[in-house]
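Each remark here refers to the structure printed beneath this line.
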Amino acid sequence: MIRAGAVLAALVLAAAPALAQDPPSKALKLLDMAALSAPAAPLPPVPLPQAGAGNQATEVLFGRKKRLKGAVCGDKDIKGEPAGDVAGALPGCGAKDAVMVREIAGVRLSQTSLMTCNTARALKTWINREVETAFGRRNKVVGLRVAAHYACRTRNNRPGAKISEHGRARAIDISGFTLESGETITVLQGWQKRKTRKKLKKIWRAACGPFGTVLGPEADRYHRDHFHLDVARHRGGTYCR
């Protein structure tokens, strides 16, 4: 088979006498005919995508979307719904960009709780640091019993007192820990038993740092049956009692 270049060269040579004797227009016409009659050069083959490459990319994207489904605060481990800005009934209450959280780091809350993202992140740090495996790696904590979350009220509901961190969606009260076995260790009863008191104290102590205020059964009579955790910051550092 004659190559395109050879055909084009032959036609150009045939047009050479015309270039010398005939008018330029005739010579140009012959060159146009040469270009049209030359067979097109074959295009280079287009590389085909490797088998499975598209499927892998789709699976990665789908997996990421699945992990982010229901996530709030930009964290795949914090599940819930955006609540937006919350207006308080009393001066000083309310929150901006609050969220309704139902699960953190795979640990479910006994009730969906309203809080700020800073509070949710502190809970995640606390759960990962100590809570999840506090009662053994073979009997992990799978649920937190929530005694209180957002409530527009004063501290300990005392008239004339300052607004509680609960009124700013920056606090949560935890009264018990549910294990994989189905058992729930309550703060009220567990604090009195030698078998669980040491572990509950370790959980309470681990909250100091992620949270700015940590109150437990030995703080006062208001907290004998739960841990109060909030993200308020104090000049002297974390306040733990």
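Numbering starts at 1 and runs along the sequence shown.
- Taking T116 as the reference, T119 meet the side chain to side chain donor-acceptor pair (under 3.5 Å) condition, with sequence neighbours excluded.
- Between R121 and I78 the shortest side-chain heavy-atom distance falls below 4.5 Å.
- Between the side chain of K198 and the backbone N or O of K195 there is no donor-acceptor pair closer than 3.5 Å.
- By the 4.5 Å heavy-atom criterion applied to side chains, H226 and R145 are not counted as neighbours.
- From C208, atom SG reaches atom CZ of R241 across 12.5 Å, with rounding to the nearest 0.5 Å.
- Using a 4.5 Å cut-off on side-chain heavy atoms (C-beta onward), R170 and N118 make no contact.
- In this structure, S113 contributes its side chain and Q111 its backbone to a donor-acceptor pair below 3.5 Å.
- Of the possible donor and acceptor atoms, none in the side chain of D77 sits under 3.5 Å from a partner among the backbone N and O of I104.
- Under a 3.5 Å cut-off, the side chain of T196 and the backbone N or O of G190 do form a donor-acceptor pair.
- Side-chain atoms of R197 and Q192, non-hydrogen and from C-beta on, never get closer than 4.5 Å to each other.
- Counting heavy atoms from C-beta on, the side chains of F227 and S175 never come closer than 4.5 Å.
- Results of the side chain to side chain contact (heavy atoms under 4.5 Å, CB included) test with I172 over L144, V231, L123 single out L123 as the only residue that passes.
- Formation of a donor-acceptor pair under 3.5 Å by the T133 side chain with backbone atoms of R137 is not found in this model.
- Under the 3.5 Å distance criterion, the side-chain polar atoms of W126 are matched with a main-chain donor or acceptor of I203.
- When side chains are defined from C-beta on, L215 does not count as touching Y222, because their heavy atoms never get closer than 4.5 Å.
- Rounding to the nearest 0.5 Å gives a distance of 8.5 Å between CD of E103 and CG of L109.
- Counting heavy atoms from C-beta outward, V99 and M115 have side chains that approach closer than 4.5 Å.
- Within a 6.0 Å radius of CZ in R224, other residues, nucleotides and ligands contribute 12 heavy atoms or fewer.
- Cluster membership check: L179 shares its hydrophobic cluster with V146, using side-chain heavy-atom separations under 4.5 Å among Ile, Leu, Val, Met, Phe, Trp and Tyr.
- Within the model, atoms OG1 of T184 and CD of Q189 stand 10.5 Å from one another, a figure rounded to the nearest 0.5 Å.
- Taking each heavy atom of I163 and P91 in turn, the nearest pair found is CG1-O, 3.5 Å.
- V101 is not connected to V142 by any chain of hydrophobic side-chain contacts under 4.5 Å among Ile, Leu, Val, Met, Phe, Trp and Tyr, and they are in different clusters.
- A continuous path of ILVMFWY side-chain contacts below 4.5 Å connects V86 to M100, so both sit in one hydrophobic cluster.
- Identified under the ring-ring contact (aromatic ring centres under 6.0 Å, His included) test for residues 145-183, with sequence neighbours left out: H166-H228.
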